2 protein chains.
Amino acid sequence: MGRWEPNARGRLAEAALELYSERGFEQTTVAEIAKRAGLTERTYFRHYADKREVLFGGSELQDLLVEVIAGVPESTAPIDALAVGLEALAEVFDERRPFARKRQAVIAANPELQERELIKLASLSAALADTLRLRGVPEPAASLTAEVGVAVFKVGFERWIAASDDRPMAPVMRELLDGLKAVTAGGDGA
Amino acid sequence: MGRWEPNARGRLAEAALELYSERGFEQTTVAEIAKRAGLTERTYFRHYADKREVLFGGSELQDLLVEVIAGVPESTAPIDALAVGLEALAEVFDERRPFARKRQAVIAANPELQERELIKLASLSAALADTLRLRGVPEPAASLTAEVGVAVFKVGFERWIAASDDRPMAPVMRELLDGLKAVTAGGDGA
DNA sequence: CATTCGATGTCAGTTACTGACATCGACAGT
DNA sequence: ACTGTCGATGTCAGTAACTGACATCGAATG
């Protein structure tokens, strides 16, 4: 144990989400976040590279997706491996729906935060493509599957968050994958 | 005519691309860009909202894509309308390949610029989805087609820029669309 | 008990970005 | 020609994100 309260990083993340929710991202200063977490501004920047990163700290989703897809038999078609991966993500999100809603409301209200979210998704796509290539999927199928997977995730996540009922994420993703197959087959996606 | 040199906005864009290329984005200050354009920092911020936006000023691509897709007969399947749109974009890019390479080199070297590029592509996707919906394409097909279209464009653009030969963009896009169809049909995308 | 070490604090500095106000020259109306 | 309006620019002061250099503290270690 150190001489300080433990989990400074987590305290900063919690303080930031609260303040961003209460006043909005722009109306919050890093100094205020740090103060609420019992720290100084300088210490904030030792834990997070910038004012936005505090909402995007973990890499658990990317790790999970990569792990699950890497575990699927190589004989599985890329699109089916993707489906399994999305299924696994869906479970995790279902467990944290209120948190996801709160966080997404903050992000939706600010373009700078949306930019950061998009680059995180791009990084997810790159990791996914790497994993697929390691499984023997050739280019450009690996990149295409990865990009399309993230595209489906984006649309599905939006719908899952916006749903007034609390429908779980997995069936949403499954339906979208079916819709995608219909669209690329030249149908109207109905 | 005003009392100043014309096209201040264009001069700023040109000066910025030069400086970002020579020294890198971070090592360039807005004051330097303004000075090279014969203006002041304050005036820079009247033309561009921030230091990054100067590389992303136009909306010509989005306008072109929307216009072309809006002009395709409604009986055309969404995926085919998309193909026509990508074809039109390809022509424009082929005409500006050296500029596109220079600009993309700058963007590739800096994550902040990549973030901005990604949100511009997201805006493109949203506009595309709107256009498809206006043409009677239902949800979620409209959103999926739009997201997938941008995904294909991203992969294709990368390959087009990176190609050592100067292969035009249109066939690259066509091959990727075929690869996508194969992947979503459950194949290995070969 | 002295030393090392990691996490934090303090402080000064740069730069992106903004608001308020001044200036200049073109143009329109008289 | 006179004058007032207007749009683009300049000037200046201020805030806040972010960084580098250095100090401090207490815990673990030998």
Side-chain angles (χ1 to χ4, degrees), chain A residues 1-57 106-107 109-117 119-120, chain B residues 1-57 106-107 109-117 119-120:
Chain A
M1 279 177 280
R3 51 188 162 143
W4 309 276
E5 296 300 310
N7 195 23
R9 198 178 156 89
R11 269 156 41 220
L12 285 166
E14 194 176 345
L17 182 58
E18 285 171 14
L19 286 166
Y20 292 168
S21 289
E22 292 167 11
R23 320 183 185 174
F25 176 78
E26 285 189 3
Q27 285 63 47
T28 304
T29 69
V30 173
E32 290 168 342
I33 297 169
K35 189 172 183 184
R36 180 169 297 199
L39 296 165
T40 64
E41 187 182 6
R42 190 66 183 88
T43 297
Y44 171 95
F45 284 109
R46 290 199 177 95
H47 285 278
Y48 296 103
D50 58 44
K51 189 182 169 184
R52 291 173 272 166
E53 192 64 18
V54 67
L55 288 181
F56 301 88
V106 171
I107 294 173
N110 186 278
E112 293 181 54
L113 293 172
Q114 292 162 35
E115 290 186 340
R116 181 58 48 87
E117 167 139 89
I119 207 171
K120 295 292 178 180
Chain B
M1 279 177 281
R3 49 191 164 141
W4 310 275
E5 297 299 311
N7 195 23
R9 197 179 158 89
R11 269 152 48 217
L12 285 166
E14 194 176 345
L17 182 57
E18 285 172 13
L19 286 166
Y20 292 169
S21 289
E22 292 167 11
R23 320 182 183 172
F25 176 78
E26 285 189 3
Q27 284 63 47
T28 304
T29 70
V30 174
E32 289 168 342
I33 297 170
K35 189 171 183 183
R36 180 169 298 201
L39 296 166
T40 64
E41 187 182 6
R42 191 66 184 86
T43 297
Y44 171 95
F45 284 109
R46 290 200 178 96
H47 285 278
Y48 296 104
D50 59 45
K51 189 182 171 185
R52 291 173 272 166
E53 191 65 17
V54 67
L55 289 181
F56 301 89
V106 170
I107 294 173
N110 187 278
E112 293 180 54
L113 293 172
Q114 292 161 35
E115 290 186 339
R116 181 57 51 86
E117 167 138 90
I119 207 171
K120 294 291 179 181

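Order of the sequence lines sets the chain letters (A, B, ...), proteins ahead of strands, with each chain counted from 1. Remember, it's a predicted structure, so these values are computed and weren't measured experimentally.
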Student: With salt bridge (charged side-chain N to carboxylate O under 4.0 Å, His left out) as the criterion, how do B/Lys120 and B/Glu53 come out once you've worked through the C-alpha distance, each side chain's angles and the decisive distance to 0.1 Å?
Tutor: CA-CA 10 Å; B/Lys120 294 291 179 181; B/Glu53 191 65 17; 2.7 Å; yes
Student: Does the pair A/Glu41/A/Lys51 count as a salt bridge with the N-to-O cut at 4.0 Å?
Tutor: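 No.
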Student: Between B/His47 and D/dA8, does any side-chain N or O lie under 4.0 Å from OP1 or OP2?
Tutor: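 Negative; the distance criterion is not met.
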Student: Mind checking what makes ring-ring contact (aromatic ring centres under 6.0 Å, His included) contact with A/Phe25, not counting sequence neighbours?
Tutor: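 Testing A/Phe25 for ring-ring contact (aromatic ring centres under 6.0 Å, His included), a comparison that skips the adjacent residues, returns A/Tyr20.
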Student: Considering only NZ, NE, NH1 and NH2 on the basic side and carboxylate oxygens on the acidic side, decide whether B/Arg52 and A/Glu115 come within less than 4.0 Å.
Tutor: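 Yes, this pair counts.
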Student: Of the listed nucleotides (D/dT9, C/dC17, C/dT8), which one gets closest to any side-chain atom of B/Leu39?
Tutor: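 Nearest to the side chain of B/Leu39 among the choices is D/dT9.
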Student: Using whole Å, what does the distance between atom C1' of nucleotide C/dT8 and atom CZ of A/Arg11 come to?
Tutor: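 Distance, rounded to whole Å: 11 Å.
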Student: For B/Phe45, which residues count as a ring-ring contact (aromatic ring centres under 6.0 Å, His included) partner, sequence neighbours excluded?
Tutor: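 B/Phe45: no ring-ring contact (aromatic ring centres under 6.0 Å, His included) contacts found.
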Student: Respond yes when some side-chain nitrogen or oxygen of B/Thr43 is under 4.0 Å from OP1 or OP2 of D/dG10, and no when none is.
Tutor: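 So the side chain of B/Thr43 is within the cut-off, an N or O lying under 4.0 Å from OP1 or OP2 of D/dG10.
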Student: B/Thr40 side chain N/O closer than 4.0 Å to the phosphate oxygens (OP1, OP2) of D/dG10?
Tutor: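 Yes, such a contact exists.
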Student: Could you list all N or O pairs between the protein and nucleotides 19-21 of chain D that sit under 3.5 Å apart?
Tutor:
unit_1	atom_1	unit_2	atom_2	d
D/dG20	N7	A/Arg42	NH2	2.8
D/dG20	O6	A/Arg42	NE	2.7

Student: Please state how far atom OH in B/Tyr48 lies from atom C1' in C/dA16, giving the value in whole angstrom units.
Tutor: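 To the nearest whole Å, that distance equals 17 Å.
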Student: Heavy-atom distance under 4.5 Å between the side chains of B/Tyr48 and B/Leu55, does that happen here?
Tutor: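 No - every pair of side-chain heavy atoms lies 4.5 Å or more apart.
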Student: Round to the nearest Å and state the distance from B/Asn7 atom CG to D/dG7 atom P.
Tutor: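 Rounding to the nearest Å, CG of B/Asn7 and P of D/dG7 are 20 Å apart.
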Student: Does anything in residues 9-19 of chain A pair up under side chain to side chain donor-acceptor pair (under 3.5 Å), and if so which pairs, sequence neighbours excluded?
Tutor: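 The answer is A/Glu18-A/Arg36.
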Student: If the condition is salt bridge (Lys or Arg N to Asp or Glu O under 4.0 Å), which residues does B/Arg23 pass it with, not counting sequence neighbours?
Tutor: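 Applying salt bridge (Lys or Arg N to Asp or Glu O under 4.0 Å) to B/Arg23 gives B/Glu32.
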Student: Which parts of residues 23-36 of chain B get close to DNA chain C, meaning a heavy atom less than 4.0 angstrom away?
Tutor: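 Only B/Thr28, B/Thr29, B/Val30 qualify.
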